[in-house]
Each structure stands twice: as structure tokens, then as C-alpha cells.
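These notes are about the structure you will find just below.
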Amino acid sequence: MTTLRTAREDPGATGPGVLGARLTGLTREEFARDVWARTALLARQAGDFSDLFSAAAVDELIARRGLRTPFLRVAKNGATLPDTAFTSPAGVGATIADQLDDTALWREFADGATLVLQALHRTWEPVAEFCAGLSTELGHPVQANAYVTPPQNRGFDDHYDVHDVFVLQIEGTKRWLVHRPVHPDPLRDQPWTDRRAAVAEAAGSEPYLDTVLSPGDVLYLPRGWLHAARAQGAVSVHLTLGIHTWTRYALAEHLARTALAVLREDPAMRATLPLGVDGPDGELDLVRESLAAALAHADPAPLFHRARRGQGRPAPLGPLAQLAAVDRLGPGTSVRLRAALAPRLEGARLTTRVGWLDFPDGELPAVARLLDGEPHRAGDLGVALVARLLRAGVLVPTTSAARGD
């Protein structure tokens with residue numbers, strides 16, 4: 001299987017989406033068939049990412065945004081420094097002690113430390129919007145970190161992640177050594193530290209990929225693939241997009257929990273075992289039979305979707321703009337569904353990341369129309385319905401200037 005691809009001018013008639021247009025040069029279908037969760041992929045000159053992140057963004061976040069831990073980690077010589085090494089209070093009116101200390105960070109960075117800006121999908125709007133679009137396309141939650149490494153230094157030893165990653169080189173260059181997994185498809189509770197010896201042995205073998213990433217290059221690694229990286233002759237800045245993939249094991253967990261919830265209501269399952277019992281013998285047949293019956297009829301979908309909603313956040317909501325939209329609401333007001341709500345309309349109930357609402361039968365067609373995410377006029381949906389959904393944070397005005405007639 002080819003692991004090196006060059007980004008194409010025309011990714012295909014089916015539409016490239018975020019994956020093709022900005023990350024891989026492949027259509028979604030090609031990526032799913034040939035790469036996803038299977039193999040590493042290197043895309044040379046996939047695009048210009050200066051609109052997403054930059055060295056100036058690093059300085060802005062560290063020096064001017066008042067960030068606190070855990071929005072930043074600092075690593076040196078393969079180990080993570082304690083937070084107290086780079087945090088301090090910020091004076092009158094900002095005495096919280098875990099704020100980033102830019103002077104301390106400068107000293108650590110000048111001494112060879114790597115700065116890791118975490119959860120950029122919460123603190124830097126261009127990255128947040130990009131992650132939301134990628135998450136929608138992949139169907140899996142996406143988070144983002146930035147790694148800022150001084151020349152000729154590495155932040156972490158060889159390791160593997162328990163999530164897939166896209167590495168976007170922003171500035172400078174970085175050499176990457178990639179090895180095949182020692183434990184394919186690790187679950188979230190199976191970190192590389194559980195297999196230190198195997199990881200160290202594999203890291204000493206011939207690498208699967210030995211390459212230098214330059215600005216615009218993208219590297220995709222499925223979870224479990226070993227990697228280590230070192231900056232070259234200049235400061236390196238790269239974004240890592242972490243894809244927290246759902247697995248069949250996760251589905252099995254939800255199925256088991258749903259079945260166990262059924263067994264909780266069965267008096268026979270809640271019954272006390274006989275006196276003097278010294279093991280499960282004699283009881284397991286009944287338990288297996290009841291558990292198998294519960295599993296056969298269990299519907300884990302509600303639990304799965306609730307967990308999925310909990311792993312993401314809806315698009316930002318400005319309270320002042322929202323209040324203005326409510327105050328100005330009229331038949332001509334243009335509204336749309338708030339992005340990244342993960343909505344599901346089941347029967348008369350709409351469930352989203354901001355809660356659930358029940359509707360009378362007469363309003364259900366209008367609610368279903370809203371789920372297309374397109375702009376709609378309040379008069380076409382029902383002004384009272386739109387007012388309710390604006391107050392609930394489910395709808396947002398299409399523009400800040402939208403007014404009613």
C-alpha cells in the first residue's frame with residue numbers, strides 16, 4: 001500500500017471535504033478505503049495552514065490571553081515539567097496561581113523545552129472551526145494541540161497515542177521517525193507506558209517512515225503507531241489533530257450497560273445468593289441466561305448518542321447577540337440551527353448537546369426542517385417556535401443584523 005501521497009489540484013468529483021481539500025488530497029471515499037485506521041499517510045504540500053495557526057498565535061496565547069493550566073504542558077528531555085515550573089499569579093485582580101508565566105516559559109523554551117498548547121479547539125477560533133468541520137466529516141470527536149519545539153530538540157520519547165492523529169506542519173521543519181504498532185488499535189486505557197519495553201525495542205529497529213515535515217506537509221498516523229519527532233535548524237510549530245475514534249469495544253460497553261440496567265429491575269437478579277455459597281457454581285447458568293436475554297433485546301443507541309454528545313461542544317453562542325435576536329424577533333428574522341449540536345429528533349423529542357425539548361405534533365414538521373442547518377425565516381417556521389428555540393440556545397440568528405418585520 002502506498003504511504004506517500006502528493007496533494008492533488010482536483011481531489012475528485014465527489015467533493016474533497018476537509019480531508020481532501022486541506023489534509024490529504026484524497027476523497028473521503030479513498031481515504032476511508034485505503035488509509036483510515038490502517039496505515040500511515042504522508043501528504044506533501046497538502047496546503048497553507050497559516051490561516052489556522054502561526055508563531056504569532058503562539059505568542060498571543062502565551063503572553064496575552066491569561067491561559068491557565070491545563071491549557072499548556074511543557075516537556076524537556078522526554079519528561080513533562082511540573083506546572084509550578086511555568087505558572088504564577090498575575091497581580092492585582094488576577095491572583096489565581098496557575099496562570100501561565102511568560103517569563104518562566106521563555107526561560108524553559110530557551111533551555112530546550114517543548115511547549116504544548118492543549119485544547120486549541122477551545123481557545124483559538126480558526127482551529128476550533130476547522131476541528132468542528134473535520135469532526136462532522138469523520139463522525140468522530142476531534143481535538144487539537146500545538147507543539148512548539150526549539151531547534152535540534154525533541155519533546156517526547158518514542159511512544160504511541162491511543163487516538164488517531166493528523167500532524168500539520170505550520171512553521172520550521174521536524175524529522176519524524178515512525179514505526180509500526182507493537183499493540184495495534186490500543187484502547188483509551190491501554191497507553192504506551194504499559195508496554196515500555198516493547199516500544200523501546202521497536203524504536204530501535206528500522207523505521208517504517210523516516211521523513212522531515214516542512215510547512216504545508218501533513219502526516220496521518222492511526223492510533224498505536226510509534227513515533228518520535230525532533231526539530232531541525234529552526235523553531236518548529238506543528239498542529240496535532242487528535243481523532244478520538246469510536247470502536248466496536250465502545251459499542252459493546254454501551255450494550256453491556258444497557259443490558260445491566262435491565263437486570264437491575266429483575267428481582268431474580270437482585271436476589272441474595274444462598275447462605276454458605278463459596279463460588280458462582282450453580283448460579284451462573286441463570287445469570288448467563290438472563291444476561292443473554294437482556295443483551296438480545298437491549299438498545300444501546302440512546303446511551304451511545306448521549307456519550308457521543310458529551311464528547312463535543314456546540315458552536316459558540318454570544319449571549320448579547322442571542323438576546324438581541326430574541327428582542328428583534330419577527331416573521332422576517334432569519335435563523336438557523338446552531339452548529340455542532342448533534343441533534344436527534346426521535347418522535348416528539350429533540351435531543352441536542354444543550355438539552356432536550358418536546359414538541360406538539362403540529363410543530364414537528366418545522367422542527368424537522370431546521371435540522372438541515374440552512375437559514376429559515378421565522379415566519380415560515382412559526383415565530384413562537386423560533387422564540388422558544390432561540391431562548392433554548394438551539395437556534396441562532398443567521399446574521400447579527402437580522403431583524404423582524
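Predicted model, so just to flag it, every value in this text is computed and none were measured. One is the number of the first residue; the rest follow in order along the sequence. Heavy-atom basis, side chains included; hydrogens, waters and symmetry copies ignored.
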Testing the basics here: between [X] and [Y], what is the closest heavy-atom pair and its distance to 0.1 Å?
| X | Y | value |
| --- | --- | --- |
| A104 | A85 | CB-O, 3.7 Å |
| H163 | I243 | CB-O, 3.2 Å |
| V182 | A202 | CG1-CB, 3.5 Å |
| V354 | G393 | CG2-O, 4.2 Å |
| S290 | L263 | O-CD2, 3.8 Å |
| Q118 | N145 | CA-OD1, 3.2 Å |

Only counting residues at least two apart or in another chain, list the ones meeting side-chain hydrogen bond (donor to acceptor under 3.5 Å, both in side chains) with Y160.
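Y160 satisfies side-chain hydrogen bond (donor to acceptor under 3.5 Å, both in side chains) with no residue once adjacent residues are dropped.
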Report the residues that fulfil side-chain hydrogen bond (donor to acceptor under 3.5 Å, both in side chains) with T211, sequence neighbours left out, ordered by chain and then residue number.
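Counting only residues at least two positions away or on another chain, T211 forms a side-chain hydrogen bond (donor to acceptor under 3.5 Å, both in side chains) with R44.
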Mind running side chain to side chain contact (heavy atoms under 4.5 Å, CB included) on I62 and L115 for me, showing each step along the way?
CA-CA 10 Å; I62 288 176; L115 311 181; 3.6 Å; yes
More than 12 heavy atoms from other groups under 6.0 Å of [atom1] on [X]:
| X | atom1 | answer |
| --- | --- | --- |
| R122 | CZ | no |
| Q152 | CD | yes |
| D361 | CG | no |
| E346 | CD | yes |

So, the side chain of [X] versus the backbone of [Y]: is there a donor-acceptor pair under 3.5 Å, distance only?
| X | Y | result |
| --- | --- | --- |
| T24 | L26 | yes |
| R73 | P82 | no |
| Y220 | D164 | no |
| Q169 | V167 | no |
| D217 | Q45 | yes |
| R336 | T398 | no |
| E171 | A55 | yes |
| W124 | L52 | yes |
| H254 | A252 | no |
| R353 | G312 | yes |

Any non-hydrogen side-chain atom of [X] less than 4.5 Å from a side-chain atom of [Y]?
| X | Y | value |
| --- | --- | --- |
| P215 | I170 | no |
| T123 | L67 | yes |
| V116 | V74 | no |
| V165 | L241 | no |
| L226 | R180 | no |
| R338 | L317 | yes |
| L209 | L177 | no |
| T80 | F156 | yes |

Ring centres of [X] and [Y] under 6.0 Å apart?
| X | Y | answer |
| --- | --- | --- |
| H238 | W176 | yes |
| H227 | H179 | no |
| W36 | H140 | yes |

Is there a donor-acceptor contact under 3.5 Å linking the side chains of Y208 and T39?
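Distance-only check passes for Y208 and T39.
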Distance only, no hydrogens: is a donor on one side chain within 3.5 Å (strictly under) of an acceptor on the other, for T149 and S236?
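T149 vs S236: no donor-acceptor pair found between side chains.
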Atom [atom1] in [X], atom [atom2] in [Y]: separation rounded to 0.5 Å?
| X | Y | atom1 | atom2 | value |
| --- | --- | --- | --- | --- |
| R388 | L390 | CZ | CG | 12.5 Å |
| D161 | T240 | CG | OG1 | 8.0 Å |
| L291 | D266 | CG | CG | 11.5 Å |
| D102 | Q99 | CG | CD | 11.0 Å |
| L395 | T333 | CG | OG1 | 11.0 Å |
| F49 | D51 | CZ | CG | 9.0 Å |

Using 4.0 Å as the upper bound for N to carboxylate O, is an ion pair formed by D158 and R196?
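So R196 does not pair with D158 through a salt bridge.
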Side chain to side chain donor-acceptor pair (under 3.5 Å): pairs with one or both residues in residues 88-97, sequence neighbours excluded:
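Passing the test, one end in residues 88-97: S88-D101.
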Pairs involving residues 302-326, ordered by first then second residue, that meet side chain to side chain donor-acceptor pair (under 3.5 Å) (sequence neighbours left out):
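Side chain to side chain donor-acceptor pair (under 3.5 Å) check on residues 302-326 returns H305-R344.
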Evaluate E60 against R65 for salt bridge (Lys or Arg N to Asp or Glu O under 4.0 Å), listing each step before the verdict.
CA-CA 7 Å; E60 169 78 15; R65 292 294 183 96; 3.1 Å; yes
Has R223 got its NZ or CZ under 6.0 Å from the middle of the six-membered ring of W225, at an angle within 45 degrees of the ring axis?
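Not satisfied by the 6.0 Å and 45° rule.
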Given salt bridge (Lys or Arg N to Asp or Glu O under 4.0 Å), test R248 with D185 step by step and report yes or no.
CA-CA 11 Å; R248 292 186 179 91; D185 298 326; over 6 Å; no
So, using salt bridge (Lys or Arg N to Asp or Glu O under 4.0 Å) as the criterion, who are the partners of R188 when residues are at least two apart?
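Salt bridge (Lys or Arg N to Asp or Glu O under 4.0 Å) list for R188, sorted by chain: empty.
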One pair to check against side chain to side chain contact (heavy atoms under 4.5 Å, CB included): L120 and F71. What are the steps and the verdict?
CA-CA 8 Å; L120 287 175; F71 285 108; over 6 Å; no
Test salt bridge (Lys or Arg N to Asp or Glu O under 4.0 Å) on E108 and K76; report intermediate values, then the result.
CA-CA 9 Å; E108 295 291 355; K76 186 188 296 183; 2.7 Å; yes
Could you go step by step and tell me if V212 and K174 meet the side chain to side chain contact (heavy atoms under 4.5 Å, CB included) rule?
CA-CA 5 Å; V212 174; K174 208 163 195 179; over 6 Å; no
Output, in order, the C-alpha distance, side-chain angles, deciding distance and verdict of side chain to side chain contact (heavy atoms under 4.5 Å, CB included) for L117 and F53.
CA-CA 11 Å; L117 285 157; F53 205 64; 4.1 Å; yes
For residues 293-302, which side-chain N or O atoms pair as donor and acceptor with protein atoms under 3.5 Å away, sequence neighbours left out?
| from | atom 1 | to | atom 2 | distance (Å) |
| --- | --- | --- | --- | --- |
| H297 | ND1 | A293 | O | 2.9 |
| D299 | OD1 | A301 | N | 3.1 |

